[in-house]
Amino acid sequence: MEVKIGMAKTSKYATEVCGDTCDIVERPHGGISAIIADGQGNGLAAHHTSSWVVNKATQLISDGARDGAVARAVHDYLYAMKDKKVSCTLTVVSADLDTETAVISRNSNCPVIIRTPEYETVYDENVEPIGVNRHMKPLMYEVPLTAGMIIVSYTDGIAHAGKKRSGRPAEFEKIMEIVRKNEAEDAAFIAKSIMDYALSLDADKASDDMTVLVMGITDGSPSSPKIEQLEVTYPY
């Protein structure tokens, strides 16, 4: 099988620096993890927070730490470094080939969506962000990796898009519709489509930093050698 990852990110309108950070990292025992974080506030200060959180998380995953331990450790660092005054959401989505499972660690007010050919699940229970409360623990989910699986998460700039203009946030069913209409191999297209939907609600002037993460599990290509690819677009 193959893992496809699509990410899309944009900053709040008229803000040079995005307060969200996203990254991917290869797991030491096989597989890959995708990470998104949303630092408190906007601009450079929020970017420093989320960037620091994601960098810590990627380092710990590379060192072999389990995802739940990663969230706890990054929380402890942020709690100590910022004197429990700065919060940050953190979501880690992993395709763990060692256990052949998708592992999700969530400290975010936004949901994680899983869609497979057999079922749909939305994880949206209340959970605290990291950094501000001493006794924090992430919500953990683990499901078998299956071909056709799509996992989606995003930051609250997506969830709240349109709210300042119309008083109504983005419709969750519209996001689900995008997920349902596409396949796992379309991870990048799904991420861009959700971003386009959110921006349309804000008249292309994002009212907050926005990030979308999509992971798709496909049947993969039988071709050899196996080639890992990464493509990034960075506007300036």
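Values in this document were obtained by computation on a predicted structure and should not be read as measured data.
- More than 12 heavy atoms of other shown residues, nucleotides or ligands fall within 6.0 angstrom of atom OH in Y123.
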- request: Determine, stepwise, if the pair Y197 / I178 fulfils side-chain contact (heavy atoms from CB on, under 4.5 Å).
  value: CA-CA 9 Å; Y197 165 62; I178 294 170; 4.2 Å; yes

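- Side-chain contact check for I61 versus V92: some heavy-atom pair is nearer than 4.5 Å.
- Panel note: side chain Q40, backbone S87; a donor-acceptor pair is recorded below 3.5 Å.
- A single hydrophobic cluster is seen to contain both M136 and L78, as judged by linkage of ILVMFWY side chains at heavy-atom distances under 4.5 Å, directly or through other members.
- The shortest heavy-atom contact between V212 and Y154 is CA-CB, 4.1 Å.
- Nearest heavy-atom pair, A198 versus A161, reported as atom, atom and distance to 0.1 Å: O-CB, 3.5 Å.
- Between Y77 and H75, the closest side-chain pair of non-hydrogen atoms is not below 4.5 Å.
- In the hydrophobic clustering of ILVMFWY residues, with side-chain heavy atoms under 4.5 Å counting as a link, M176 and I151 come out apart.
- In this structure, CE on M215 lies 6.0 Å from CD1 on I217, to the nearest 0.5 angstrom.
- T116 contributes a side-chain N or O that, together with a main-chain N or O of E118, makes up a donor-acceptor pair within less than 3.5 Å.
- Between E120 and R180 there is a salt bridge, since a side-chain N of the basic residue sits under 4.0 Å from a carboxylate O of the acidic one.
- Under the 3.5 Å distance criterion, the side-chain polar atoms of T21 are left unmatched by any main-chain donor or acceptor of W52.
- What you find for V127 and S108 is that their closest heavy atoms are CG1-O, 3.3 Å.
- A donor-acceptor contact shorter than 3.5 Å is absent between the side chain of H47 and the backbone of V17.
- For the 3.5 Å distance criterion, the side chains of S207 and D202 qualify, holding a donor opposite an acceptor.
- No side-chain donor-acceptor contact under 3.5 Å links S51 to the backbone of H48.
- The side-chain heavy atoms of E177 and E173, taken from C-beta on, include no pair separated by under 4.5 Å.
- Note that CG of L230 is 9.0 Å distant from CD1 of I5, once rounded to the nearest 0.5 Å.
- Heavy atoms from other residues, nucleotides or ligands lying under 6.0 Å from CD of E125 number more than 12.
- Residues V93 and V214 do not share a hydrophobic cluster, clusters being chains of Ile/Leu/Val/Met/Phe/Trp/Tyr side chains in contact below 4.5 Å.
- At least one side-chain heavy atom of I175 sits under 4.5 Å from a side-chain heavy atom of I158.
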query: Are M149 and V143 close enough, and set up right, to give a side-chain contact (heavy atoms from CB on, under 4.5 Å), and what steps lead you there?
result: CA-CA 10 Å; M149 173 179 280; V143 295; 3.8 Å; yes

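- Side-chain contact check for R165 versus K205: some heavy-atom pair is nearer than 4.5 Å.
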Verdict with reasoning, M140 to R106, per side-chain contact (heavy atoms from CB on, under 4.5 Å): CA-CA 6 Å; M140 299 297 302; R106 178 174 158 262; over 6 Å; no

message: Does E2 form a salt bridge (charged side-chain N to carboxylate O under 4.0 Å, His left out) with K226? I'd like the steps, not just the answer.
response: CA-CA 10 Å; E2 273 187 349; K226 297 177 179 178; over 6 Å; no

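- Here the closest heavy-atom approach between residue A37 and residue V53 is recorded as CB-CG1, 4.2 Å.
- With a 4.5 Å cut-off on side-chain heavy atoms, Y119 and I114 count as touching.
- Between the side chain of S166 and the backbone N or O of K163 there is no donor-acceptor pair closer than 3.5 Å.
- Between L90 and A71, the closest heavy-atom pair is CD2-CA, 4.2 Å.
- Side-chain atoms of D96 come within 3.5 Å of backbone N or O of D98 as a donor-acceptor pair.
- A salt bridge links D196 with K192; the closest basic N to acidic carboxylate O contact falls under 4.0 Å.
- Atom NZ of K181 sits about 10.0 Å away from atom CZ of F189, to the nearest 0.5 Å.
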message: Does N42 form a side chain to side chain donor-acceptor pair (under 3.5 Å) with T15? I'd like the steps, not just the answer.
response: CA-CA 8 Å; N42 299 107; T15 302; over 6 Å; no

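- The side-chain heavy atoms of R72 and K137, taken from C-beta on, include a pair separated by under 4.5 Å.
- Taking both residues in full, the closest heavy atoms of I150 and E183 are given as CD1-C, 3.7 Å, listed atom of the first, atom of the second, then distance.
- Within the 3.5 Å criterion, the main-chain N or O of S105 finds no donor-acceptor partner in the side chain of D67.
- Side-chain contact check for C22 versus I35: every heavy-atom pair is 4.5 Å or farther apart.
- Cluster annotation: M7 and Y234 are assigned to distinct hydrophobic clusters (Ile/Leu/Val/Met/Phe/Trp/Tyr, side-chain heavy-atom contacts under 4.5 Å, transitive).
- The environment of CZ in F172 is crowded: more than 12 heavy-atom neighbours from other residues, nucleotides or ligands sit within 6.0 Å.
- To the nearest 0.5 Å, atom NZ of residue K9 and atom CG of residue L213 are 13.0 Å apart.
- Under the 3.5 Å distance criterion, with hydrogens and angles disregarded, no donor-acceptor pair is assigned to the side chains of T218 and E185.
- Both V70 and I130 are assigned to one and the same hydrophobic cluster, defined by single-linkage of ILVMFWY side chains at heavy-atom distances under 4.5 Å.
- The OG1 atom of T58 sits 13.0 Å away from atom CD of E26, with the distance rounded to the nearest 0.5 Å.
- Judged purely by atom type and a 3.5 angstrom limit, D209 uses its side chain to pair as donor or acceptor with the backbone of K12.
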- request: Show the numbers, then the answer: is there a side-chain contact (heavy atoms from CB on, under 4.5 Å) between V112 and V122?
  value: CA-CA 6 Å; V112 173; V122 178; over 6 Å; no

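- The cationic atom of R134 (NZ for Lys, CZ for Arg) lies less than 6.0 Å from the six-membered ring centre of Y79 and within 45° of the ring axis.
- Open room surrounds CD on E100; 12 or fewer heavy atoms of other groups in view lie less than 6.0 Å from it.
- Within the model, atoms OG1 of T49 and CE of M81 stand 10.5 Å from one another, a figure rounded to the nearest 0.5 Å.
- The closest side-chain donor-acceptor pair between S33 and R27 falls under 3.5 angstrom.
- There is no side-chain donor-acceptor pair under 3.5 Å between S50 and D20.
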